[in-house]
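These notes are about the structure you will find just below.
In what follows, chains are A, B, ... by sequence order, proteins preceding strands, each numbered from 1.
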Amino acid sequence: MTAPSSDFLRILTERGFIHQCSDMQGLDALAAKGGVVAYVGYDCTAPSLHVGHLLSIMMLHWMQATGAGKPITLMGGGTTRVGDPSGRDETRKILSIDDINANKDALKGVFAKLLTFGEGKTDAIMPDNAEWLTRLNYIEMLRDIGRHFSVNRMMTMDSVRMRLEREQELSFIEFNYMILQSYDFVELARRYGTNLQMGGSDQWGNIVTGVDLGRRMGTHQLYALTCPLLTTSSGAKMGKTAAGAVWLNADMLSNYDYWQFWRNTEDGDVARFLKLFTLLPMAEIDRLAALQGAEINEAKKVLATEATALVRGRDVAEAAAATAKKTFEQGALGDDLPVVTVPAAELASGIGVLSLFVRAGLVASNGEARRQVQGGGLKLNDETVTDAQAVVTEKALRDGVAKLSFGRKKHVLVKAG
RNA sequence: GGGGGAAUGUCCCGAGCGGCAAAGGGGGCGGACUGUAAAUCCGCUGGCUACGCCUUCGCAGGUUCGAGUCCUGCUUCCCCCA
């Protein structure tokens, strides 16, 4: 199609957010007059969202920022009780209602960093699909909603077909997820005039099924828009670090580690990530992306600080950047490094190096510490630990702290307490 | 209902004559090289009070000096027949 006329779709297009859209022209016209009401659903399967979810939140952000319309972050208090089979080869573990509610509360905070909530026309709102899904009556649902679904067609959807082809179990409860998600779309259309659902490309099937259901049930025209799934240029699935997923919540992943995640971006991903995960103007991004060789590290630092500022706050991002600078470029101690305190008395009588590294949380067991010593992976005050029998006392403290390092990137400070 | 097969190191896949802390991958971690990148090469990838001890092969028993390996029962999954 020709270039979009709305700022919303123009920005999404040039920044690489768009994977598929059910009707670009139609959506563009709607966005141009500020008439979009878009939602993204978030299931409450964990106590924090991770970077994979960030793309869709960014799309909502841009929509609000460009005045294209109203964002809705739908909490999946109801759908989480069922479990989405999309992109999974195994049935999800069924979560307890208590866990779901606890997760839901923990997720909410992050949205406010990127969206403005309130009562106004383009202010974001956060409903929960438990409000209507838990009230559904089975027979009524079959008559009103179920009759619009063709099982023949459902069997051809990727999420279902993959399980069948691989002869992997697909339980009836999961088979119903698609129906509930489709119904959400219709319900949101009726309640809030929602007309667009966005999500990752793995959600395409569920979303267009909702568009279809809307037509059959007589809503206004609905639209579908998906973003690509996040992978690194070397093909690895993204969003995982040593410690696990890259969580957006600070209590799940420290600010310093979050910053480091972005700092360690592969060269080939820098430009793409700057467009997706920062709000920097395109001209600035083009300048940074043009850097070659070692200079690209400058771009990575900008990416790390901007991306961290967006989710964790500007001051926190700069603190992480400062700590990284001290730690890596000056070999000094950053203020932001994790600190572990050890009772002074214990330190006075001496602690084995191995158990000290375990205490610091850098390694899981004495055995692992021992192996890492053999591999030269542990450092105390920047000196490689060579003797697994060594004992550490308060003499190891420099200005009250000792620095333990695991590999070149993981550091912990030890203090007497 | 009848018959046949499967479950292995709590990340995954997967070998395993009765002597096994258990082959080989993948993934992950560490080292070298670099730019806190990628690629490549090397090492590690049950626990401990550590030349020894303890716990691991779906669950529970049994045979044996000794069981992941053999026998019995149970659980779960898959295939074929009805």
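- Taking syn as a glycosidic angle within 90° of 0, C77(B) does not qualify and is anti.
- Remark: C48(B) base-pairs with G52(B). Criterion, Watson-Crick or G-U wobble with two distances under 3.5 Å.
- In terms of polar N and O atoms assigned as donor or acceptor, the side chain of Gln260(A) comes within less than 3.5 Å of the base of U36(B) in a complementary pairing.
- Proximity of Arg371(A) to the phosphate of G28(B): no side-chain N or O atom is located under 4.0 Å from OP1 or OP2.
- Distance noted for atom P between C42(B) and C13(B): 27 Å (whole Å).
- For Lys409(A), a side-chain nitrogen or oxygen approaches OP1 or OP2 of A37(B) to under 4.0 Å.
- No contact: Leu378(A) has no heavy atom under 4.0 Å from any strand.
- The side chain of Asn366(A) approaches U49(B) more closely than any other nucleotide in the set U49(B), G30(B), G35(B).
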TODO: Run the numbers on Glu140(A) and Arg143(A) for salt bridge (Lys or Arg N to Asp or Glu O under 4.0 Å), then give the verdict.
DONE: CA-CA 5 Å; Glu140(A) 260 175 51; Arg143(A) 290 174 61 92; over 6 Å; no
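- Mapped onto RNA chain B by nearest heavy atom, Phe406(A) and Ile296(A) fall at different nucleotides, with Phe406(A) at the one closer to the 5' end.
- Looking at Asp267(A), its side chain comes within 3.5 Å of the base of G35(B) through a donor and an acceptor atom.
- For Phe328(A), whose side chain is taken as the heavy atoms from C-beta onward, the closest listed nucleotide among G47(B), A37(B), U36(B) is U36(B).
- Side-chain atoms of Gln372(A) lie closest to C29(B) of the nucleotides U45(B), C29(B), G35(B).
- When the nucleotides G30(B), U36(B), G35(B) are ranked by their closest atom to the side chain of Arg263(A), U36(B) comes out on top.
- In this structure, the nucleotide among U36(B), G35(B), G47(B) sitting nearest to the side chain of Ala324(A) is U36(B).
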